[in-house]
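These notes concern the structure reproduced below.
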Amino acid sequence: MIQRYGVRIGWADLPERIREKVEAVIGGPVVHAASQSGGFSPGTADRVLTADGRRAFVKAVSPALSTRSIELARAEAYVTARMPVEAPVPRLLAALDDGEWVVLIHEDVEGRHPRTPWVEDEIHAAVRTLRELADALTPSPVTGVPTAAEHLAQCFGGWARIAADPLPDLDPWVAAHLDDLRAAADRGLAAVATGATLAHCDVRADNLLVRPDGSIVVVDWPYGCIGPAWLDTVLLAMNVLVHGGPGDRLLTGIDPRTAAAVIAGFTGDFLDRSRHPSPGIPHVREFQRAHAEAMLPWLRQRVPG
């Protein structure tokens, strides 16, 4: 089982002034809060319930917890505030930012994360959702966000960084094919420079919620960027593959060389980051290493290519 969860504070850990501001937005005192697992932010991720039955999903973080999480929360607030109503994403009710705490208040979506290993009906539902998402977000309704190529330029340099400073336990196949992997990542970066779709760019099981009717919504949008309509589907395929599922089938209709190149770019970044000291977020390095190791056998069959 791939560990992917951080350690969060909860609703009760927020300063009273922040809780009061949230309650003013949602319209009543919170009588119950349930912390949600998934993701890596140390901030809150709580489903809250008011005394009169109103519900909301609250995320809050401060620089004392993580300066990077503050940046991501502000980016997510910017993107989600501009989403069209037809997009299968939670509605942002309010974003609060007092210079110390950044708080995002979303509608509470009744649902759970897809099961991993992935199961057939949820794979199909996720593919349908990403198709609907791309239709709703092409052309992008959000300006002022980076292109996918800008966002992923450093990420897709992972193999180059490994070549410059090899891991002592580097996989022999990787060591023998570093030039091929670097070239593949470069092709992947060129491929994501196309398109006019607002992509999520972090599609994985814990950023999706399955509603009781089987439909899926896409949550957590700090990495929203402009790229090709197929980018999120490649990321979904990679997540299915990581968990041992039939991810290749999701790539039908996408140039196989391009898909392999994009996955190579992400895999190099996972492997490179996994060797560095923890950024203060529990389990993230183990998560990255596990993802890289899960994808390398798949890449061996496709790179060079």
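Because only heavy atoms are used, hydrogens play no part in the values below, and waters and symmetry mates are left out as well, while side chains stay in.
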Practice problem: Please test Glu286 against Arg289 for salt bridge (Lys or Arg N to Asp or Glu O under 4.0 Å), starting from the C-alpha separation and ending with a verdict. | Solution: CA-CA 5 Å; Glu286 295 95 323; Arg289 183 79 181 199; over 6 Å; no
[atom2] on [Y] to [atom1] on [X], rounded to 0.5 Å:
{"X": "Leu170", "Y": "Leu271", "atom1": "CG", "atom2": "CG", "result": "6.5 Å"}
{"X": "Ser35", "Y": "Ile9", "atom1": "OG", "atom2": "CD1", "result": "9.0 Å"}
{"X": "Ile216", "Y": "Arg211", "atom1": "CD1", "atom2": "CZ", "result": "11.0 Å"}
{"X": "Asp135", "Y": "Arg131", "atom1": "CG", "atom2": "CZ", "result": "8.5 Å"}
{"X": "Thr267", "Y": "Gln288", "atom1": "OG1", "atom2": "CD", "result": "12.0 Å"}
{"X": "Asn207", "Y": "Leu236", "atom1": "CG", "atom2": "CG", "result": "11.5 Å"}

Salt bridge check, [Y] against [X]: does any charged N sit closer than 4.0 Å to a carboxylate O?
{"X": "Glu110", "Y": "Arg47", "result": "no"}
{"X": "Asp52", "Y": "Arg54", "result": "yes"}
{"X": "Arg161", "Y": "Asp269", "result": "yes"}
{"X": "Arg204", "Y": "Asp206", "result": "yes"}
{"X": "Asp248", "Y": "Arg302", "result": "yes"}

Quiz prompt | Exercise: do Asp202 and Trp221 side chains pair donor with acceptor under 3.5 Å | solution = no
Listed by chain and number, what are the side-chain contact (heavy atoms from CB on, under 4.5 Å) partners of [X], not counting sequence neighbours?
{"X": "Arg74", "result": "Ile70, Asp97, Val102"}
{"X": "Pro141", "result": "Pro84, Leu137, Leu198"}
{"X": "Arg91", "result": "Leu93, Glu107"}

Considering residues at least two apart in sequence or located in another chain, which fulfil the side chain to side chain donor-acceptor pair (under 3.5 Å) criterion with [X]?
{"X": "Asp213", "answer": "Ser215"}
{"X": "Arg112", "answer": "Glu122"}
{"X": "Asp121", "answer": "none"}

Quiz item: Can you list the steps and then say if Asp220 with Lys59 is a salt bridge (Lys or Arg N to Asp or Glu O under 4.0 Å)?
Solution: CA-CA 10 Å; Asp220 294 338; Lys59 297 199 295 187; 2.6 Å; yes
Look at the side-chain heavy atoms of Ile, Leu, Val, Met, Phe, Trp and Tyr, link any pair under 4.5 Å apart, and say whether [X] and [Y] land in one connected group.
{"X": "Leu250", "Y": "Leu299", "answer": "yes"}
{"X": "Val61", "Y": "Leu92", "answer": "yes"}
{"X": "Val242", "Y": "Leu296", "answer": "yes"}
{"X": "Leu231", "Y": "Leu189", "answer": "yes"}
{"X": "Met295", "Y": "Trp118", "answer": "yes"}

Quiz item: Checking Arg273 against Phe270: charged group under 6.0 Å from the ring centre and within 45 degrees of the axis?
Solution: no
Share the residues that join [X] in a hydrophobic cluster, the rule being Ile, Leu, Val, Met, Phe, Trp or Tyr side chains under 4.5 Å apart at the heavy-atom level.
{"X": "Phe57", "answer": "none"}
{"X": "Val119", "answer": "none"}
{"X": "Val217", "answer": "Val109, Leu209, Val219"}

Ignoring hydrogens and angles, write down the donor-acceptor pairs under 3.5 Å from the side chains of residues 13-31, residues two or more places apart or on other chains.
residue: Asp13; atom: OD2; partner: Gly10; partner atom: N; Å: 2.7
residue: Arg17; atom: NH1; partner: Asp98; partner atom: OD2; Å: 2.4
residue: Arg17; atom: NH2; partner: Glu100; partner atom: OE1; Å: 2.8
residue: Arg19; atom: NH1; partner: Leu14; partner atom: O; Å: 2.5
residue: Glu23; atom: OE2; partner: Val30; partner atom: N; Å: 2.9

Quiz item: Taking the inter-plane angle between the rings of Trp173 and His177 on a 0 to 90° scale, is it parallel (under 30°), tilted (30 to 60°) or perpendicular (over 60°)?
Solution: parallel
Quiz item: Can the ring centres of His151 and Tyr223 be said to be less than 6.0 Å apart?
Solution: yes
Practice problem: Not counting sequence neighbours, which residues clear salt bridge (charged side-chain N to carboxylate O under 4.0 Å, His left out) with Arg55? List them please. | Solution: none
Quiz item: For Trp230, what residues pass the ring-ring contact (aromatic ring centres under 6.0 Å, His included) criterion, not counting sequence neighbours?
Solution: none
